[in-house]
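These notes concern the structure reproduced below.
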Amino acid sequence: VQLQAFGGGLVQAGGFLRLSCAASGRTLSSMNMGWFRQAPGKEREFVASIRWSSDGSRYYADFVKGRFTISRDNAKNTLYLQMNNLQPEDTAVYYCAADQEYSGSYYYTSPKVAHFDHWGQGTQVTVSS
């Protein structure tokens, strides 16, 4: 699967953005998918995940619960991350990820980087105060 993330940008605190991740080469609904982010000088961290289609369960990091929503449009083979009430601490490069090779993401409500095996190129989100 190839993943392409886009939709980042510069927004003021309290604003919103919607990130998209277009998938090609494999049906997105057949894989667990996730969003991660990486701020300068920090490790890449889990943001949200959604299980493959027959389950569809969604999981979020505590710091985004109630503000971010992960979703999937099967017809467009695209993953989304709706981000509301953005704060300066949300500034990071956001990556979408797919667990195509059954790397273990299914078994965790807070999966790690190692549980996903395909990654998009990242999109920058900058939140000004």
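Remember, it's a predicted structure, so these values are computed and weren't measured experimentally. Reckoned from all heavy atoms, side chains included, excluding hydrogens, waters and symmetry mates.
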- Message: Under the disulfide (SG to SG under 2.5 Å) definition, can you give me all pairs with a residue in residues 34-64, not counting sequence neighbours?
- Response: none
- Message: Once disulfide (SG to SG under 2.5 Å) is applied, what residue pairs with a partner in residues 10-102 remain, sequence neighbours excluded?
- Response: Cys21-Cys96
- Query: What is the distance from atom CD of Gln2 to atom OG of Ser24, rounded to the nearest 0.5 Å?
  - Reply: 4.5 Å
- Residues clustered with Leu10, ILVMFWY side-chain links under 4.5 angstrom: none
- Partners passing side-chain hydrogen bond (donor to acceptor under 3.5 Å, both in side chains) against Arg58 (at least two apart in sequence or in another chain): none
- Query: Lys65: what forms a salt bridge (charged side-chain N to carboxylate O under 4.0 Å, His left out) with it, not counting sequence neighbours?
  - Reply: Asp62
- Using ring-ring contact (aromatic ring centres under 6.0 Å, His included) as the criterion, list what pairs up with His118, not counting sequence neighbours. none
- Message: Which heavy atom of Ala39 sits nearest to which heavy atom of Ala92, and what is that distance?
- Response: N-CB, 3.8 Å
- Item | Residues forming a salt bridge (charged side-chain N to carboxylate O under 4.0 Å, His left out) with Arg67, sequence neighbours excluded | Asp90
- Item | Atom pair CG (Asp73) and OH (Tyr80), whose distance is rounded to the nearest 0.5 Å | 4.5 Å
- Sorted by chain and number, sequence neighbours left out, salt bridge (charged side-chain N to carboxylate O under 4.0 Å, His left out) with Glu45 holds for Arg37
- Using atom types as modelled and distance alone, determine if a side-chain donor or acceptor of Asn77 lies under 3.5 Å from a backbone N or O of Arg26. yes
- Note on the structure: Taken in chain and number order and not counting sequence neighbours, the residues that satisfy salt bridge (charged side-chain N to carboxylate O under 4.0 Å, His left out) with Arg72 are none
- Query: Can you name the ring-ring contact (aromatic ring centres under 6.0 Å, His included) partners of Phe16, sequence neighbours left out?
  - Reply: none
- Item | Atom pair OG1 (Thr123) and CD (Gln121), whose distance is rounded to the nearest 0.5 Å | 7.0 Å
- Message: Donor-acceptor pair, distance only, cut-off 3.5 Å: does the side chain of Asp117 make one with the backbone of Asp99?
- Response: no
- Got a sec, which hydrophobics cluster with Ile50, joining ILVMFWY side chains under 4.5 Å apart, including via others? Val1, Leu3, Val11, Leu17, Leu19, Leu28, Met31, Met33, Trp35, Val47, Tyr60, Phe63, Val64, Phe68, Ile70, Leu79, Leu81, Met83, Leu86, Tyr94, Val125, Val127
- Residues clustered with Val113, ILVMFWY side-chain links under 4.5 angstrom: Phe36, Phe46, Tyr59, Val93, Tyr95, Phe116, Trp119
- Item | Atom pair NZ/OG of Lys112 and Ser103 - distance to nearest 0.5 Å | 15.5 Å
